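For reference, the structure discussed in these notes is given below.
Everything numeric here is computed off the predicted structure, so don't read it as measured data. Order of the sequence lines sets the chain letters (A, B, ...), proteins ahead of strands, with each chain counted from 1.
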There are 2 protein chains.
Amino acid sequence: MKMSQGVEWAVHTLLALAWVDDGKPVPTARLAASHELPPAYLNKQLQSLVKAGLLESLPGARGGFRLARRAGDITLMDVVTAIEGPAPAFQCTEIRRRGMGASAPDSCFRTACAVNASMQRAELAWRQALAAQTLEDVRAEADRHAPAMAGVARQAYGRE
Amino acid sequence: MKMSQGVEWAVHTLLALAWVDDGKPVPTARLAASHELPPAYLNKQLQSLVKAGLLESLPGARGGFRLARRAGDITLMDVVTAIEGPAPAFQCTEIRRRGMGASAPDSCFRTACAVNASMQRAELAWRQALAAQTLEDVRAEADRHAPAMAGVARQAYGRE
DNA sequence: GTGCGAATACTCGGATACCGCGTGTCCGAGTAAGTGAGG
DNA sequence: CCTCACTTACTCGGACACGCGGTATCCGAGTATTCGCAC
């Protein structure tokens with residue numbers, strides 16, 4: 001039950017791009033340097049964000065990545081799904097049917113597995129909590145506690 | 001972000017033990033056979049449940065495992081924590097301090113990382129949803145939809 | 001018949017291999033910018 | 001001076017190794033049962 005490291009990188013990178021805000025793309029090398037991350041691996045993660053429609057990539061010289069939507073339209077759920085994939089954390093393998101379950105009447109399996117249902121309810125709460133928080137919200141909280149960071153980010157990307 | 005298979009095994013095994021209910025222990029071999037699971041590996045998982053105080057183990061002949069508490073006092077959160085460990089799924093590595101963060105004033109880092117805070121909020125919702133559901137609740141839901149399973153379980157363990 | 005002791009069979013518990021997936025890296029395809037010559 | 005084609009340098013994108021944690025297994029320590037024997 002460990003979340004991929006890429007999620008943390010992705011959110012921080014998206015946050016930095018939200019701080020820059022202008023339409024100009026930022027190349028992987030700068031994004032990686034701004035958090036001391038391995039550039040090639042960060043690039044791999046960013047490609048997942050492009051496929052998910054969170055980032056736009058511009059090839060060629062002066063290319064790079066920029067937000068594909070407004071920060072308010074990107075939820076943390078979007079980011080987690082983009083990196084981790086859409087599969088639920090708890091995967092029911094229907095072991096209730098195996099072993100002693102094989103000798104139980106079919107009527108026992110008309111409805112979904114109760115164990116799975118309980119776990120999915122909890123997971124739904126998690127997903128809803130993630131979907132309720134946008135990148136804009138995260139930015140607002142960061143700006144409230146550390147208003148200097150937005151300027152630091154813009155400076156790191158040569159914007160001012 | 002994939003949960004260990006052992007969680008599913010643990011919940012189903014605890015549920016089966018809740019159906020048996022009498023104080024007599026059930027050995028690993030029977031518990032494994034009742035769901036067609038590898039006995040040795042299931043044993044490993046059950047040991048985690050013993051350490052967490054959810055199960056009692058009785059060594060020697062006619063030994064085995066039995067619930068250490070009432071089913072109503074065992075939450076799904078307890079089970080997940082026992083198998084997966086207490087570490088949070090999202091682990092903040094404070095990458096905000098690295099790279100461009102190093103040139104930011106210390107005042108930026110007085111409060112917790114906003115990214116981490118958001119992820120932890122979502123995770124808390126998940127944990128609360130897990131803690132709100134007890135093994136007794138799962139059993140009640142299973143009995144409602146498949147009332148025959150309790151008897152099947154008792155029979156599988158030679159209880160009647 | 002009864003009590004005792006040793007042999008026995010069964011169980012948990014931790015130590016030991018295996019393997020898939022996340023982690024990390026590299027190089028090639030493609031594009032925009034820059035440059036120089038020609039009109 | 002302006003236009004255009006070529007060169008150049010830079011960027012993304014996917015293909016290629018590595019390492020660690022979950023998966024799976026085995027064997028030894030310990031105990032209740034059981035059997036046999038002596039009284």
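- Under 4.0 Å is where a charged nitrogen must lie from a carboxylate oxygen, and between A/Arg96 and A/Glu94 at least one such pair does.
- The backbone N or O of A/Ala89 sits less than 3.5 Å from a side-chain atom of A/Glu123, completing a donor-acceptor pair.
- In summary, the side chains of B/Gln120 and B/Asn116 do present a donor paired with an acceptor at a separation below 3.5 Å, with no hydrogens or angles considered.
- A/Asn43 has its CG atom 7 Å from the C1' atom of D/dG13, to the nearest Å.
- Heavy atoms of B/Gly60 sit under 4.0 angstrom from at least one base atom.
- If you look at A/Tyr41 and A/Trp9, their ring centroids are closer than 6.0 Å.
- Between A/Glu56 and A/Arg69 there is no salt bridge, since none of the side-chain N atoms of the basic residue sits less than 4.0 Å from a carboxylate O of the acidic one.
- Atom CG of A/Leu46 is separated from atom P of D/dG14 by 13 Å (rounded to the nearest Å).
- You can see that DNA chain C meets the heavy atoms of chain B within a 4.0 Å-exclusive cut from C/dC10 to C/dG14, reading 5' to 3'.
- We find that NZ of B/Lys24 is positioned 13 Å from P of D/dA32, with the value rounded to whole Å.
- A donor-acceptor contact closer than 3.5 angstrom is absent between the side chains of A/Thr75 and A/Gln133.
- Contact check of residues 27-39 of chain B against DNA chain C (heavy atom, cut-off under 4.0 Å) returns B/Pro27, B/Thr28.
- Nearest nucleotide to the B/Ala61 side chain, out of D/dA32, D/dC26, D/dG13: D/dA32.
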**Prompt:** For nucleotides 15-23 of chain D, read 5' to 3', which letter fits each nucleotide if B means a protein heavy atom sits under 4.0 Å from the base, S means only the sugar-phosphate is that close, and - means neither?
**Reply:** --------B
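- Ion pairing between a basic and an acidic side chain is recognised when a charged N comes within 4.0 Å of a carboxylate O; A/Arg110 and A/Asp106 show no such pairing.
- Closest to the side chain of B/Ala40, from the set D/dT31, D/dC26, D/dG14, is D/dC26.
- We find that B/Glu36 and A/Arg97 are not joined by a salt bridge, their nearest charged nitrogen and carboxylate oxygen being 4.0 Å or further apart.
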**Request:** Could you please spell out the steps behind the side chain to side chain donor-acceptor pair (under 3.5 Å) verdict for A/Thr134 and A/Asp137?
**Result:** CA-CA 5 Å; A/Thr134 70; A/Asp137 298 329; 3.2 Å; yes
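- Listed for the B/Glu84 side chain is no donor-acceptor partner under 3.5 Å among the backbone atoms of B/Met3.
- A salt bridge is defined here as a Lys NZ or Arg NE, NH1 or NH2 lying under 4.0 Å from an Asp or Glu carboxylate O, and B/Asp21 with B/Arg70 meets this definition.
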